[in-house]
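We use all heavy atoms of the structure for the numbers below, so side chains are in, but hydrogens, waters and symmetry mates are not. So you know, we letter chains A, B, ... as the sequences are listed, proteins then strands, and number each from 1. Keep in mind that what you see is a predicted model, and the values were worked out from it rather than measured.
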Number of protein chains: 2
Amino acid sequence: MNLATSSTGPVRATMDDVARHSGVSLKSVSRVINGEPHVSATLRAKVEAAIAELKYVPDAAARSLAGSRTFIIGLLLDNPSPNYTMKVQKGVYDAVRAHQYHLRIDNVDSSVPDDEFSAQLEALVRNSRCDGFVLTPPLSDNLLLLDFLDQSGIRYVRIAPALEKSRGSGIVIDDAAAAAAMARHLWDLGHRRYAIMRGPTAHMAAARRRDGFIEELKRLGLEHPVIEIDAGFSFEGGIRAGDSLLASGLRPTAIFAGNDDSAAGVMAACSKAGLKVPDDISVCGFDDSWIARSVWPYLTTVYQPIEEMGHAAASLLLRRDEPESALHRLDFHLVVRDSTAPPPQA
Amino acid sequence: MNLATSSTGPVRATMDDVARHSGVSLKSVSRVINGEPHVSATLRAKVEAAIAELKYVPDAAARSLAGSRTFIIGLLLDNPSPNYTMKVQKGVYDAVRAHQYHLRIDNVDSSVPDDEFSAQLEALVRNSRCDGFVLTPPLSDNLLLLDFLDQSGIRYVRIAPALEKSRGSGIVIDDAAAAAAMARHLWDLGHRRYAIMRGPTAHMAAARRRDGFIEELKRLGLEHPVIEIDAGFSFEGGIRAGDSLLASGLRPTAIFAGNDDSAAGVMAACSKAGLKVPDDISVCGFDDSWIARSVWPYLTTVYQPIEEMGHAAASLLLRRDEPESALHRLDFHLVVRDSTAPPPQA
DNA sequence: CAGAGGAATGTCAGCGTTGTCAAGGATATC
DNA sequence: GATATCCTTGACAACGCTGACATTCCTCTG
């Protein structure tokens with residue numbers, strides 16, 4: 001069997017068939033399909049009827065050869081977290097399909113030296129002709145990539161950008177406000193001794209979460225300093241940070257981790273140390289990723305609308321009437337589950 | 001800014017440029033690019049030099065319009081597990097890119113009524129012209145889908161098929177043998193009282209794991225029957241099944257769960273019940289997915305080469321010389337971590 | 001009511017490849 | 001040495017659609 005000639009399925013109708021069938025010119029069919037102005041209602045109706053009857057579907061290859069669009073949106077991926085990535089991907093997919101576009105995936109590896117990275121990008125853009133790219137973190141803040149796309153005149157939308165936010169369009173949530181909300185939750189439960197597990201230093205959103213958390217606690221009147229430890233964004237990082245925190249003898253009653261993975265690690269460290277969550281100590285995360293419901297007790301966290309962010313990013317790319325650059329802020333909300341509770345009575 | 005005209009990047013060289021540059025005909029360039037026979041070494045060298053110099057890249061749209069290939073491989077997704085999906089996707093992506101193809105993602109929802117599902121498929125195949133599809137479970141065993149693809153004459157490769165294995169090509173591992181290996185591991189540790197958490201009933205691979213596990217134990221001389229409980233493939237399912245098992249008063253010393261997620265749930269149930277893993281009870285999973293290292297203690301499990309399976313599937317699709325139908329078996333191996341240990345002294 | 005301007009529709013030449021067919025040259029066969 | 005056969009190369013017409021431009025038919029304006 002041969003790849004090339006294997007499609008022996010029913011013959012697809014062409015635009016010519018539609019034109020003949022509805023008694024109008026080829027170009028008029030084209031106009032209807034592309035929603036161009038200056039088409040009478042009568043003609044449109046005729047053509048649409050013919051399209052429906054013949055089950056006509058425009059040929060993407062011919063369209064992109066003749067026109068200048070490819071009807072493909074590229075999703076640029078370089079994120080280690082499968083949960084996050086899949087959610088973004090789902091959102092982008094839905095938006096793209098709703099516009100009759102297709103989703104193309106492209107992975108890049110930004111952990112290589114700059115020149116190699118540039119070579120990757122060049123190859124990618126040369127090969128993968130797309131009408132636009134959705135950039136996921138950490139790519140959203142990769143200046144080399146942004147420069148390259150700008151210079152090539154390729155449209156893009158950034159998900160959760162932190163640096164140079166005026167470049168391209170971006171979809172964000174207010175990390176600081178979200179962290180502040182978590183701070184209030186813990187404060188209201190009665191906690192007064194806190195630790196925070198910082199995310200990766202390169203991750204700007206993580207820094208904003210930290211700042212928002214600490215600011216809010218100060219505003220609420222916290223006296224003790226907040227203990228800070230680097231934990232990264234991984235389970236291993238969380239467990240390590242948790243181990244060393246608990247070994248140090250410091251005993252916060254609540255720990256805020258930079259994301260759900262590290263929070264899960266912290267919880268593991270607590271149970272290793274014989275502390276029960278949430279009775280002895282409260283732990284909370286950020287993202288409401290899938291792992292938040294794959295640990296026991298279920299994790300209190302901040303819901304980030306990741307799928308919606310992907311959807312919004314793709315939609316932005318597909319709206320031709322969009323301004324050059326804009327930052328769209330989406331809503332988060334607190335998800336209180338079982339890993340936070342009032343502190344133990346001293 | 002307009003999607004259509006935004007690409008003001010450098011002008012791409014066309015095949016015509018290459019032909020002129022190397023002093024040969026258009027068709028000869030085409031022959032070189034497509035690796036067709038009957039091309040002299042001299043001509044090939046000239047053309048290749050010109051291609052390199054002009055940085056020529058064939059235009060995919062023109063190729064698929066003129067020829068009958070699209071240079072796109074579709075990945076059909078309907079799997080709830082992001083870990084699994086991302087791994088498959090990565091493998092498929094790498095294989096596809098190595099052949100200068102592109103990866104298109106398409107989601108379908110097989111949880112809807114049959115007629116609605118058929119409509120989805122029809123729309124998908126009508127719109128998404130691909131040179132072939134990679135099917136992931138549970139789609140690999142969806143007969144409606146297989147019928148549809150066969151009938152449309154579209155090539156596909158199935159990942160982990162269980163039913164009607166002679167249809168299309170398939171990439172599998174030996175689930176029964178893998179489960180048997182796990183059984184031997186536990187037996188060698190000294191366990192004699194087992195429970196097994198069954199996967200979803202519709203999931204054939206899960207059934208094979210169960211059978212392989214029990215068969216092997218019988219072969220080894222197990223006397224007590226293995227306790228069986230349905231847990232599905234989710235964390236919640238695992239925790240529920242674990243709760244009811246432990247509440248029942250039955251006390252196996254080792255629990256084999258159908259996948260890592262349900263194993264994590266079982267571990268949570270154990271710690272809720274005050275049992276320490278692995279000192280009081282051993283727990284093991286299947287897949288070596290990402291969650292196996294996101295629980296404490298790290299999970300003993302079976303490594304399935306999911307990424308390689310995706311890679312193999314796509315490669316199969318891209319080899320034109322492949323027979324109609326073939327089943328390719330890939331290797332698994334045991335990953336012994338911290339969740340299994342000898343049973344407590346009675 | 002002539003002329004201008006705009007709305008509605010049509011004609012036609014590509015877009016950048018590949019498939020078909022033909023032609024010329026080299027090699028093999030009797 | 002003539003004919004048959006294969007190898008190598010090229011000319012040219014699609015592929016299905018859109019962009020530029022032409023044409024017709026209104027409707028408005030003064």
Next item on the list: Ignoring the backbone of A66(A), work out which of dC15(C), dG10(C), dA11(D) is nearest its side chain.
Entry: dC15(C)
Notebook entry, point to check: What is the distance from CG of L43(A) to C1' of dT24(D), rounded to the nearest Å?
Noted result: 15 Å
Next item on the list: May I have the distance from M15(B) (atom CE) to dC15(D) (atom C1'), rounded to whole angstrom?
Entry: 14 Å
Item checked: Short side-chain N/O contact from S68(B) to OP1 or OP2 of dT18(C), under 4.0 Å -> no
Checklist line | Length of the CG-C1' vector between L65(B) and dG19(C), whole Å | finding: 13 Å
Next item on the list: Considering just the side-chain nitrogens and oxygens of T14(B), establish if one lies under 4.0 Å of OP1 or OP2 belonging to dG16(C).
Entry: no
Checklist line | Euclidean distance, atom CZ of residue R44(B) to atom P of dT8(D) [Å, nearest integer] | finding: 10 Å
Note to self: Using only modelled atom types and a 3.5 angstrom limit, is any donor from either the side chain of R31(A) or the base of dG10(C) paired with an acceptor on the other?
What the structure shows: yes
Next item on the list: Indicate, with a heavy-atom threshold strictly under 4.0 Å, whether P58(A) touches base, sugar-phosphate, or nothing.
Entry: sugar-phosphate
Next item on the list: Rounded to the nearest angstrom, tell me the gap between atom NZ in K27(A) and atom P in dG19(D).
Entry: 6 Å
Next item on the list: Check every atom of dT18(D), dA11(D), dT18(C) against the side chain of R63(A) and return the nucleotide holding the closest atom.
Entry: dT18(D)
Check: Just by modelled atom types, is the L76(A) backbone N or O under 3.5 Å from a matching donor or acceptor in the T136(A) side chain?
Finding: yes
Notebook entry, point to check: How long is the line joining CG of D59(A) and C1' of dA14(D), in whole Å?
Noted result: 14 Å
Checklist line | R63(B) bridged to D59(B) by N-O distance under 4.0 Å | finding: no
Margin query: Using whole Å, what does the distance between atom P of nucleotide dT18(C) and atom CD1 of I33(B) come to?
Written below: 6 Å
Notebook entry, point to check: Taking the side chain as C-beta and beyond, is there a heavy-atom pair between V172(A) and P161(A) under 4.5 Å?
Noted result: yes
Margin query: Check the phosphate of dT9(D) against S28(B), side-chain N and O only, distance under 4.0 Å to OP1 or OP2. Yes or no?
Written below: no
Check: Base, sugar-phosphate, or nothing: which does Y56(A) touch, judged by heavy atoms less than 4.0 Å apart?
Finding: sugar-phosphate
Checklist line | Distance test, side-chain N/O of S40(B) to OP1/OP2 of dT9(D), below 4.0 Å | finding: yes
Next item on the list: Specify the separation, in whole Å, of atom CG of L26(B) and atom C1' of dG10(D).
Entry: 10 Å
Next item on the list: Look at the side chain of R167(A) and the backbone N and O of R158(A), then say whether any donor-acceptor pair between them is shorter than 3.5 Å.
Entry: no
Next item on the list: Answer whether the closest heavy-atom distance between the side chains of T85(B) and V88(B) falls below 4.5 Å.
Entry: no
Note to self: Regarding dG16(C), can its base be found pairing with the side chain of R12(B) as donor and acceptor, where the two atoms are less than 3.5 Å apart?
What the structure shows: no
